[in-house]
Amino acid sequence: MSSSLQKYLSSADLIAGNDDLITEILLHVPAKFVIRLKLVSKRWLSLISDHNFLVRHNLRNAGSISGLIISYLQGRQVSPSCTYIPIDGNQESALALTREITFDHVPNSSFSRVLHSCNGLLLCWAQGHMEPAAHKFYVFNPTTNQFSTLPLPLIYDRSWTSFCLAYEASKPTLYRVVCVQLCESFCNIQMYSSDTGVWEMSCNHGIDEFTNEFYHGVFWNGAIHWIGFSGCCYRFDVDQKCLQRMPSPLLPEDWNICYSHYFEESLGNLYFVAFDNTRSSNFIVFEMNRDYSGWFVKHQLNINTILAAFPDIAERYHGFDNVCISILLVVEIEGEGMRLVMYIHGEPGKVIFYSFGDNAFKKLCDFVCYSGVPWWNAFKYIETSSCF
């Protein structure tokens with residue numbers, strides 16, 4: 001055996017015998033591949049399953065948004081349950097992941113749809129095969145293809161109920177689900193915790209009026225946040241189990257939530273995007289101060305800037321008055337700044353993004369809704385090694 005080969009083998013043995021070094025290498029491996037590496041050996045299984053490793057791996061990748069999961073609001077009788085749109089425009093990865101996220105793992109269900117997402121986990125609803133009225137809720141990790149079925153809430157009325165998922169990367173085995181039910185001038189809030197496996201009544205809170213204030217929640221800073229149809233803002237602290245009002249963004253006069261809007265967090269910041277259809281025709285990006293002292297304007301983007309970058313759209317719709325643009329994603333990228341991912345409706349529609357860092361547009365893909373499925377929601381896809 002040559003001396004160079006002996007040196008190579010001794011170095012390989014040195015690495016293979018050093019758990020700390022292997023751990024550091026595994027921390028740089030994407031979550032979907034780390035899960036597969038559990039099969040290498042019992043030792044690697046032990047390293048990857050270690051709680052501290054899961055925490056470090058999740059925190060390292062917490063802000064890495066891979067793309068968007070489009071969840072259709074009708075069953076797979078007319079379409080797939082979802083479509084994946086990568087934010088890097090890689091269509092091969094889009095087709096591969098769309099094939100993987102089929103929800104076929106849920107037994108005795110005719111179709112599933114996503115209700116909410118949080119840091120890589122999805123909260124889903126499934127309808128039964130034999131009994132359409134029989135349905136279930138479950139939390140699903142599309143990276144590991146694991147899911148956990150939830151019991152129904154203590155009080156469950158489908159007439160007006162909203163569900164939100166709360167999951168932190170620093171607590172890889174703990175997730176909580178918040179259920180809000182509105183009844184006249186009160187809202188009942190229940191919370192399910194994965195560590196207890198049961199629902200608990202958290203609070204019964206009076207609100208000013210019966211409105212859809214709790215339609216879309218965002219988990220940030222240890223609380224679920226809502227901006228309602230009237231512009232009122234609430235937050236529910238999942239540890240203190242209390243509901244509080246919080247400041248509202250300074251919205252344009254006569255603003256209507258039916259205009260294009262977006263509410264989500266990215267890289268530890270909370271954002272709300274509103275379209276000013278009354279004066280400036282700007283998309284206004286608001287950011288919340290972490291101490292809840294108020295919102296400030298982070299960026300603005302005029303719709304004419306979008307149409308100038310895509311003149312075929314302006315020509316097709318004869319000006320911006322007839323163009324429908326939906327905000328799909330606000331993403332902060334370290335060292336690059338903020339990107340605004342948008343969908344320009346049409347046949348086909350276009351998914352584009354605008355980078356505030358270099359004032360540049362890029363088309364990601366054409367997107368066509370499946371026939372007969374006009375309604376869909378977009379959710380962030382983040383890889384996570386969280387295990388149930």
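Everything numeric in this text was worked out from a predicted model, so none of it was measured. These values consider heavy atoms only, across backbone and side chains, with no hydrogens, waters or symmetry-generated copies.
Rounded to the nearest 0.5 Å, atoms SG (Cys179) and CG (Leu150) are 11.0 Å apart. Atoms CH2 and NZ, from Trp44 and Lys38 in turn, are 13.5 Å apart once rounded to the nearest 0.5 Å. In this structure, Ile352 CD1 and Cys365 SG are separated by 11.0 Å, a value rounded to the nearest 0.5 Å. For the atom pair CH2 of Trp220 and CE of Met288, the computed distance is 6.5 Å after rounding to the nearest 0.5 Å. Interatomic distance, SG of Cys233 versus CH2 of Trp226, reported as 12.0 Å (0.5 Å rounding). Note: Ile325 CD1 to Ile344 CD1 = 5.0 Å, rounded to the nearest 0.5 Å.
A donor-acceptor contact shorter than 3.5 Å links the side chain of Thr23 to the backbone of Asp19. Under the 3.5 Å distance criterion, the side-chain polar atoms of His216 are left unmatched by any main-chain donor or acceptor of Glu264. Of the possible polar contacts, none joining the Asn282 side chain to the Ile284 backbone as a donor-acceptor pair under 3.5 Å is found. A donor-acceptor contact shorter than 3.5 Å is absent between the side chain of Thr384 and the backbone of Gly120. Here the side chain of His116 pairs no donor or acceptor atom with the backbone of Phe163 at under 3.5 angstrom. When atom types are taken as modelled, the side chain of Gln190 and the backbone of Leu154 share a donor-acceptor pair closer than 3.5 angstrom. Asn119 places no side-chain N or O within donor-acceptor distance of the main-chain N or O of Ala169, the cut-off being under 3.5 Å. The backbone N or O of Gly268 lies less than 3.5 Å from a partner atom in the side chain of Arg290, making a donor-acceptor pair.
When side chains are defined from C-beta on, Val34 counts as touching Phe53, because their heavy atoms get closer than 4.5 Å. At least one side-chain heavy atom of Phe219 sits under 4.5 Å from a side-chain heavy atom of Glu168. The closest side-chain heavy-atom distance from Ser355 to Glu336 is not below 4.5 Å. The shortest side-chain heavy-atom distance between Met342 and Phe361 falls under the 4.5 Å cut-off. Residues Phe137 and Pro151 fail the side-chain proximity criterion, which asks for heavy atoms closer than 4.5 Å. Contact check for Ser194 versus Thr173: no side-chain heavy atoms found under the 4.5 Å cut-off. Ser385 places a side-chain heavy atom less than 4.5 Å from the side chain of Asn58. A heavy-atom distance below 4.5 Å is found between the side chains of Leu301 and Phe356.
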Should Tyr167 and Val139 be marked as a side chain to side chain contact (heavy atoms under 4.5 Å, CB included) after you check the CA-CA gap, both sets of side-chain angles, and the distance that decides it? CA-CA 11 Å; Tyr167 169 66; Val139 174; over 6 Å; no
Step-by-step side chain to side chain contact (heavy atoms under 4.5 Å, CB included) determination, Asn221 to Arg235: CA-CA 10 Å; Asn221 205 19; Arg235 75 177 189 267; over 6 Å; no
Under the criterion side chain to side chain contact (heavy atoms under 4.5 Å, CB included), I'd like the reasoning laid out for Tyr343 against His345: C-alpha separation, chi angles, the key distance, then a yes or no. CA-CA 6 Å; Tyr343 172 59; His345 294 252; 3.4 Å; yes
Using side chain to side chain contact (heavy atoms under 4.5 Å, CB included), reason through Trp199 and Val177 one step at a time and then give a plain yes or no. CA-CA 9 Å; Trp199 288 92; Val177 178; 3.8 Å; yes
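Placement of Trp125 and Leu152 within a single hydrophobic cluster is found when ILVMFWY residues are connected by side-chain heavy-atom separations under 4.5 Å, directly or transitively. Both Leu47 and Phe33 are assigned to one and the same hydrophobic cluster, defined by single-linkage of ILVMFWY side chains at heavy-atom distances under 4.5 Å. Note on Val40: it clusters hydrophobically with Ile48, by side-chain heavy-atom contacts below 4.5 Å among ILVMFWY residues. Residues Phe275 and Leu250 do not share a hydrophobic cluster, defined by chaining ILVMFWY side chains whose heavy atoms lie under 4.5 Å apart. Tracing side-chain contacts under 4.5 Å through hydrophobic residues (I, L, V, M, F, W, Y), one reaches Val297 starting from Met246; they form part of the same cluster.
Of the options Val330, Ile227, Val218, a side chain to side chain contact (heavy atoms under 4.5 Å, CB included) to Phe272 is made by Ile227 and by none of the others.
Side chains of Asn289 and Asp291: no donor on one and acceptor on the other come within 3.5 Å. Using modelled atom types, one finds a donor on one side chain and an acceptor on the other under 3.5 Å when comparing Tyr175 with Ser148.
Summarising the geometry of Lys380 relative to Glu265, their closest heavy-atom pair is NZ-O, 2.8 Å, with the distance given to 0.1 Å. In this structure, Pro172 and Ser386 approach most closely via the heavy-atom pair O-OG, 2.6 Å. Across every non-hydrogen atom of Cys124 and Val114, the tightest pair is SG-CG2, 4.2 Å. Shortest non-hydrogen contact noted between Gly337 and Glu332 is C-OE1, 3.5 Å. Between Leu328 and Ala378 the shortest heavy-atom distance is CD2-CB, 4.0 Å. Across all their heavy atoms, Tyr138 and Thr149 have their closest contact at CB-CA, 3.8 Å.
Checked against a 6.0 Å centroid threshold, the rings of Tyr292 and His225 count as neighbours.
In this structure, Arg176 fails the cation-pi test against Tyr192, since its NZ or CZ atom is not both closer than 6.0 Å to the six-membered ring centre and inside 45 degrees of the ring normal.
In this structure, Trp295 and Phe263 have tilted ring planes: the angle between them lies in the 30° to 60° band.
Around atom CG of Leu26, more than 12 heavy atoms belonging to other residues, nucleotides or ligands sit under 6.0 Å away.
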